[in-house]
Asks: 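Below you will find the structure I want to go over with you.
Below, read A as the first sequence line, B as the second, and so on, with proteins coming before strands; counting in each chain starts at 1. These numbers come from a predicted model, not from an experiment.
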Amino acid sequence: MGALLDGFATALTVVNLGWCLVGVTLGTAIGILPGIGPALTIALLLPVTAHLDPTGAFIMFAGLYYGAMYGSSTTSILLNTPGETGSIITAIEGNLMARQGRGAAALATAAIGSFVAGTIGTVLLTVLAPLVVKLALKFGPAEYFALMVVAFTTVSGLLGTSRLRGMISLFLGLAIGLVGTDALTGQARFTLGILQLLDGIDITVVAVGLFAVGEALYVASRPELRSAQVIPIKGSLWMTKEEWARSWKPWVRGSFLGFPFGALPAGGTEIPTFLSYFLEKKMSKRPEEFGKGAIEGVAGPEAANNSAVAGVLVPLLTLGLPTSATAAILLAAFQQYGLQPGPLLFTSNSALVWGLIASLYLGNIALLLLNLPLVGMWVRLLAIPTPLLYGGILVFATLGVYSYNQSVFDLGLLFIFGIVGYLMRRFDFPVAPAIIGMILGPLAEQNFRRALSITQGDYTVFFTHPISATLLAIAALIIVAPFLLRLRQRRLASS
Amino acid sequence: MNATTLRKLATAVVLSAGLTTASGALAVDNLRIIAPANPGGGWDQTARAMQEVMQSAGIVKSATVENVGGAGGTIGLAQLADKEKGKPNVLMVNGLVMVGAILTNQSAVTLEQTTPIARLTGEYEVVVVPASSDIQNLSQLVEKLKADTGAVAWGGGSAGGTDHILAGLIAQAAGADATKINYVPFSGGGEALAAILGGHVTAGISGLGEWIGQIEAGELRALAISSPERLEGVDIPTLKEQGVDVELANWRAVVAAPGISDAQKQELAAAVDAMVKSDGWKKVLSDKGWMDLYMPGDAFAKYLADENARVSAILKTLGLVS
């Protein structure tokens, strides 16, 4: 605790607070641009920050990381255009809320949820880091595979009105995920002899294509949407009492769900958002509202992805283990300052580590202070005439994807997926399952094959490892339980 | 070629390159450095470090970095051989990984269609086991490998990459059947490290810099390093001194476009030589923890050809290239 207070002393200088604000502002701006993520931004900023002292630089990076996550949810909610994969789920309910005139409430629940989750996540990081990391290391390929199976079962909550269409969308995503060099054998799959496809198709390109470009094309194709009146803001600009009541539990649940996933070496920020959405739908008293703009579906996943961000720092700070692109860049930043990341960092550079943790708390507060007042301004984005707004989205989507890899090939892919996204909307196929399939498919496959490779082909590994067996049992329960419940109800009714 | 001849050759080339610098004015005005990878990785960092040092030391008037990423660098390579052909002001960063990628991706363009300039930096690989492992030294690991090659699960980076190549070379040199090695690729050193620390694989291979922290903290036991001799300040025995006759450096180098004249090649080589000798470059090396493996001119061209032969042989054995 004393160390943390010292950390605050390090972080709480006027100059450092200034860097924190710069980071949050920059991060929010970047998060809003589809395609440009926090990893790329920090990479580009590294040379600039080389002249800063390490504490100042890390405080800025922390603000940037949180800002980017939040900025991305803003566009998800308002424009159905996620800037990061972690906020794809937010787009589903959040955009529906915006269309009903509750965009401001959705933005507010996302901002406050991010704050709550960021704070809970940072507290967990402060107290639990050494414990969590031990648990995270118990996850080998077999355990990851079982975890992916659990994540797959939650797709059922996102299939939309028609199971068949939802499944087709999921399998489309799985197929896209297969393109590229097979990670385990180095052989090319479905690359059609095209060199650029060897690295696979970037999830950002697909997500921006299916969501942003698809949405823009769809709006353009519909005369009634093109001329749509500006959606009036219904009720108070802020969250109503009821919305508060419906939000706070998902915030907390999402926070506790996201953190351990961030801490897992192959966890990521996306999977906890799927799980959170599913969980909230199951726990809601009004599950029928999901798919029509349920605030729980924004509050939970938003909290989950922000808390995962804090979780990512657990393996980075305790083991020197970078588990995401952003963490890898942060690691490079550590090295730039001559710090040896790894298990000794906490002891050898404790002032800096605690300064970084303290700056996470500050980054969170700065984020809230910056974004809550801006909610009113952001919703006014929707007042821009639709053709101009979507024209702008197309420009930003194109810019964002191009700046990601500076590849014209990616632009071609972007518009191909844009057309696919348009067709999916036109024929009422949900888009989210495709993205989930693309994220989970390769992870599930690789870990399944790794597990079998390690055991030299022994399939029982999934059932003999206790964590893996438990997770598979949970997955089985999620699938079977609804049937059993229905059976019991029928029996009760008949007797 | 033995090490002494190599060194002599290198010295000769360095001297001649140095003479060129002294005599001619700097003809490379606007140098373009292609990093055949996306921003952030080792090749990109090398290109950006070169840019900064060359500009601030006044070796070139201006230098720009262009990222042409993808497919293990073969997309950048294709661009160098095609669009940049004959251009005297283009350098491209490459490395051992590209040698492998050209083979596994069946790239139409190979490094023979470039003009080799110099090897710059490199890193040696370490073989580790988790601290909790009952394997205490390399010979115990080799014993295990010989008894049942498949039972040793190696964790490391991508399939066909440096880590995989070293696993294959070790098995071969140890007298085990390299076609049967059980190499489990992970997407990056971080994930591989987690699998090793968690005891999910038997042993792991990665660049020394990536794992030195865990080794010093006693969480990983380093069994061997792939350098020719022990490194200063690093208490890890080499593979060679433990009877496994393998050395491997994960090197990074620069090449120029094909179709340039000898004089143009000398100019680029002189610029690179001046950069390597500058204080700025020395600072970069120490800041980033890169090892100086500078090898210019013909010695490098020969080295490149040798590495190509060695890598393609082992990748064939490993079944990655038919």
Asks: Name the region of T185(A), side chain, backbone, both or neither, that has any atom closer than 4.5 Å to a heavy atom of chain B.
Replies: backbone
Asks: Within the 4.5 Å heavy-atom criterion, are L320(B) and Q187(A) side-chain neighbours or not?
Replies: yes
Asks: Given that the side chain runs from C-beta out, which part of F409(A) has a heavy atom under 4.5 Å from chain B: side chain, backbone, both or neither?
Replies: neither
Asks: Need one label for Q196(A): side chain, backbone, both or neither, based on atoms under 4.5 Å from any heavy atom in chain B.
Replies: both
Asks: Considering non-hydrogen atoms only, spot the tightest contact between Q456(A) and N182(B) and give its length.
Replies: CG-ND2, 4.0 Å
Asks: Do other residues, nucleotides or ligands put more than 12 heavy atoms under 6.0 Å from K283(B) NZ?
Replies: no
Asks: Locate the shortest heavy-atom distance separating A159(B) from L184(A); write the atom from each residue and the value.
Replies: CB-O, 4.0 Å
Asks: Given a strict heavy-atom distance threshold of 4.5 Å, which part of A183(A) is in contact with chain B: side chain, backbone, both, or neither?
Replies: backbone
Asks: Taking the side chain as everything from C-beta on, heavy atoms only, tell me whether Q446(A) gets closer than 4.5 Å to E191(B).
Replies: no
Asks: Minimum heavy-atom separation for D199(A) to G72(B), with atom names?
Replies: OD1-N, 4.4 Å
Asks: Name the member of N105(B), L318(B), V152(B) that forms the most heavy-atom pairs with chain A at distances under 4.5 Å.
Replies: N105(B)
Asks: How far apart are the closest heavy atoms of L137(A) and H200(B), and which atoms are they?
Replies: O-NE2, 2.8 Å
Asks: Go through the atoms of A151(B) and report whether side chain, backbone, both or neither lie under 4.5 Å from a heavy atom of chain A.
Replies: both
